[in-house]
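We name chains A, B, ... by the order of the sequence lines, and we start the count at 1 in each one.
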Amino acid sequence: MNARVHAIRIGLARGWHEFVVGLRSPQDQGFYVFFGLGALGLLWLSRDDVLEGTSLTVPQVALPSLLAGIIVFSILVGPAYALALEREDGTLLRSRMAPYGLHGYLTGLGLLNVLGIVPVAVVVLGGSAILFDGAVPTDPARWVVAIGAILLGVLATLPLGFVVGSLVRKIQQVTTWGMLPIVALAWISGIFGSMEALWPWVRTLAQLFPLYWLAHLLRYAFLPEAAVVGELGGVWRLGLGVTALIVWSVIGTVPATLLVRRMARRQSGAAVAQARDQAAQFVR
Amino acid sequence: MTTEPVVRVRDLRMRYGTNDVLRGVDLEVHRGEVVGLLGPNGAGKTTTIEILEGFRRPSAGEIDVLGVDPLVADEAWRARIGVVLQSWRDHARWTPRDLIAHLGSYYRPFSTPERQRPLDTEEVIDLVGLGDAADQRILTLSGGQRRRLDVAVGIIGRPELLFLDEPTAGFDPQARREFHDLIHRLTDLEGTTVLLTTHDLSEAEKLADRILILAGGRIVANGSADALARQIRASAEVRWTQDGQRMVHATQDATAYVRELLGQHPRGIEDLEVRRASLEDTYLEFVRAHLEDREVVRPVAPALVTEERR
């Protein structure tokens, strides 16, 4: 039995266990519902608006974009927060003590955050299906495309979450280096509205990141052909989108692996004890 | 002990900036031994243990743990050692049973016919005495229960070498006693080699076969609690009051001295007390000697040392 593969399998069981335990926790339930309802509220505000040149309503067009935003946000900020927190509180260290425990830990962390999308997506998609006519596709073929795009988007984003989580010194820095950039990226990537008003160089910048491409692919999956008028250049660029996401997942893995290893190496009982003492000391 | 040492350290040095924490530590731990590393705060006990665990890179020195330099050791090596960590708030939502089983499962590929890994989760829960707490959320455990969990996690992979850093810090006397029983059960059962740090002298005396005193970045004493006590002073002190004066006499043979004393003075001897040199005396003498940069006070010919104080 290959011990590394074995550890990754244990990690999957770990991620599932943490997800199931989390589902029973009011804290996690509250987070899922709050997040989901927030997104629905945003769509509700523009329920009567129509996309120019089409008969599509704005919630219809905005739903796949917002879904992409939620996914990228969760997959980046979730693991980043968890890494920053769990290396201080000794969670990571515990796993690291076991042979290939770091492999298992990271696998579990990844799976937990991927699974964490599901409850939010259920609230957002379920709510949209009820509130906005035709916003949620019923054709299974469209769902196959959507799920494929989501998996690619997850693989492209997850390494970034590990990178941010490994680099920050303190958990508060995840807000600065993870959350704020993602919100800014969401604005320039057209998650909250059209990109037409943006400067050309900002639009180009947005297209360097995975968020734009995940949103693009999800709009393709969710919307009728007529919606293409809302896209940059008025065309679907599926091949480019898929390529961009794959490139991100490949090049992201290298720094993620190196940085996580470096971070894990620095953890020890004394480091955890120091963090504990600092946490107890509010005034410095 | 004639077996190959499980831990062998030669001239270990550790420097943080301009601060020399370890200045040439030599130590050996043999298979099946329980060794206590004792020393004042800041002496470098934790640093030493973390270097042996492979978590810190020493500034210099030869380190061999289970035949390997911990810095380059692989995961198969990690499977052979156990570390008892102090839990804080990790895995708050897990139950001890789930966590022990989960962490234990990593060791399965490293099981050998001679050493089956991991240990059975139920057996470990029994061994550490977690009992009903095994199915509570870890969040709700008491401090003592947490430390049992820490030990359970430390031993679930059936380690050949177990590290414990200040295992009973913050324990009440009851919890401390129970923890000591647990360590005895462990070492009896598995023949596990144990290296523990503590600044509790009675703990070192109760648990360790051999004590190493670390002071000023060096091992300043090495031996069993008894042997160390013998090194610094005659093995017993006889104290009494004679005509209102408090007398103290150090001797190797307290019985003979007391017999002689009472023979010479049929009356007038009161408050007779025979006291063996404690490990605490030993320890303080070693640390003080180190700080004052002098030799430890060794016994002169027995029965000749007579200190009389008011």
Legend entry - Nearest-0.5 Å distance that lies between atom CG in Leu141(B) and atom CG in Leu149(B): 6.5 Å

So do [Y] and [X] actually touch side chain to side chain, heavy atoms under 4.5 Å?
X: Arg31(B); Y: Glu160(B); answer: yes
X: Leu130(B); Y: Ile100(B); answer: yes
X: Leu152(A); Y: Leu214(A); answer: no
X: Ile10(A); Y: Tyr100(A); answer: no

Legend entry - Short side-chain to backbone donor-acceptor contact, Arg89(B) and Thr91(A), under 3.5 Å: no

Inset, instruction - Check for a donor-acceptor pair, side chain of Ser59(B) on one end and backbone N or O of Arg15(B) on the other, with a separation under 3.5 Å. - result: yes

Under 4.5 Å from any heavy atom of chain A, what part of [X] do you find: side chain, backbone, both or neither?
X: Tyr107(B); value: both
X: Ile49(B); value: neither
X: Asp74(B); value: neither
X: Thr46(B); value: side chain

Inset, instruction - Pick whichever of Arg137(B), Arg80(B), Arg56(B), Arg78(B) has the most heavy-atom pairs under 4.5 Å with chain A. - result: Arg78(B)

Legend entry - Those residues of residues 11-35 of chain A, ordered by number, that approach chain B below 4.5 Å (heavy atom to heavy atom): Arg14(A), His17(A), Glu18(A), Val21(A), Gly22(A), Ser25(A), Gln27(A), Asp28(A)

Inset, instruction - Output the residues of residues 81-90 of chain A for which the shortest heavy-atom distance to chain B is under 4.5 Å, in residue-number order; output 'none' if no such residue exists. - result: Leu85(A), Glu88(A), Asp89(A), Gly90(A)

Inset, instruction - Identify the residue among Val124(A), Ile71(A), Leu43(A) that makes a side chain to side chain contact (heavy atoms under 4.5 Å, CB included) with Leu66(A). - result: Leu43(A)

Legend entry - Neighbour count above 12 (heavy atom, 6.0 Å) for Glu122(B) CD: yes

Legend entry - Whether over 12 other heavy atoms sit under 6.0 Å from Trp177(A) CH2: no

Legend entry - Check ion pair Glu178(B)-Arg148(B) (N to O, under 4.0 angstrom): yes

Inset, instruction - Could you look at Arg94(A) and say if it's the side chain, the backbone, both or neither that has a heavy atom under 4.5 Å from chain B? - result: both

Inset, instruction - Apply the side-chain hydrogen bond (donor to acceptor under 3.5 Å, both in side chains) test between Asp165(B) and each candidate in Thr197(B), Thr48(B), Thr198(B); give the one that qualifies. - result: Thr197(B)

